[in-house]
Amino acid sequence: TWCAEHFEEPPSVAMDVNSMSTCRHFVRAGLGWSILTYMGLGSCKDRDIYVSPLRSKDGTYITRDTNMVYTKDAENLVVVKTFIEYVRDYYKKHTVVDNSIFREYKE
């Protein structure tokens, strides 16, 4: 959807890699651009790479949900139940995205 809103034609994909780390290295070397998840930004968050959140034409952030998948039986295991509670607590108290990493792009 983002590409359709921002490009008249779909972007030409010259390379398809199976690692976000490889993708970051290619971008850092000047070999193009990429769309990565926030967690996939890795060292891009504190380096000299321009990082910007995706926004739709109306300016709203484009996001996606992340889901935790487990069986009902697994939830009865203490370690699994503890982890589930930890994740739920964490996201009640924290913003997932640190907006301070984003810089406005100026040509």
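What you see is a predicted model; the values in this text were computed from it and never measured.
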Worksheet entry | For Ser19, side-chain contact (heavy atoms from CB on, under 4.5 Å) partners two or more places apart |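 Expected list: Ser21, Thr22.
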
Worksheet item: Looking at residues at least two apart in the chain, or sitting in another chain, which of them share a salt bridge (charged side-chain N to carboxylate O under 4.0 Å, His left out) with Glu9?
Response: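 Counting only residues at least two positions away or on another chain, Glu9 forms no salt bridge (charged side-chain N to carboxylate O under 4.0 Å, His left out).
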
Would you say [X] and [Y] make side-chain contact, with heavy atoms under 4.5 Å?
X     : Y     : answer
Ser34 : Cys23 : yes
Thr37 : Met20 : yes
Arg55 : Thr60 : no

Worksheet item: Should Leu36 and Arg24 be marked as a side-chain contact (heavy atoms from CB on, under 4.5 Å) after you check the CA-CA gap, both sets of side-chain angles, and the distance that decides it?
Response: CA-CA 9 Å; Leu36 296 172; Arg24 290 191 308 265; 3.8 Å; yes

Discussion item. Filter on salt bridge (Lys or Arg N to Asp or Glu O under 4.0 Å), then keep only pairs touching residues 70-91, sequence neighbours left out; what's left?
Written reply: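 The answer is Lys72-Glu75.
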
Practice prompt. Quick one: pull up CG in Leu77 and OH in Tyr70 and give me the separation to the nearest 0.5 Å.
Written response: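 Rounded to the nearest 0.5 Å, the CG-OH separation comes to 12.0 Å.
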
Worksheet entry | Connected-component partners of Phe7 among ILVMFWY, side-chain separation under 4.5 Å |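 Same cluster as Phe7: Trp2, Trp33, Ile35, Leu54, Ile62.
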
Item to complete: Check which hydrophobic residues are tied to Val78 through side-chain heavy-atom contacts below 4.5 Å, counting indirect links as well, and list them.
Response: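 Via sub-4.5 Å side-chain contacts, Val78 links to none.
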
Worksheet item: Closest heavy-atom contact between Glu5 and Lys57?
Response: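 Reported closest heavy-atom pair: O-CE, 2.7 Å.
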
Worksheet item: Which atom pair, heavy atoms only, marks the closest approach of Ala74 to Val80?
Response: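 Looking at all heavy atoms of both residues, the closest pair is O-CB, 3.1 Å.
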
Discussion item. With a sphere of 6.0 Å drawn around CG of Asp16, does it hold more than 12 non-hydrogen atoms of other residues, nucleotides or ligands?
Written reply: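 Count not over threshold, so no.
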
Practice prompt. Indicate if Val17 and Val13 have the same hydrophobic cluster label, given that clusters are the connected sets of ILVMFWY residues with side-chain heavy-atom separations under 4.5 angstrom.
Written response: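 Not linked; separate clusters.
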
Practice prompt. Can you sort out the partners of Thr1 under side chain to side chain donor-acceptor pair (under 3.5 Å), two or more places apart, ordered by chain and number?
Written response: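 Result, side chain to side chain donor-acceptor pair (under 3.5 Å) vs Thr1: none returned.
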
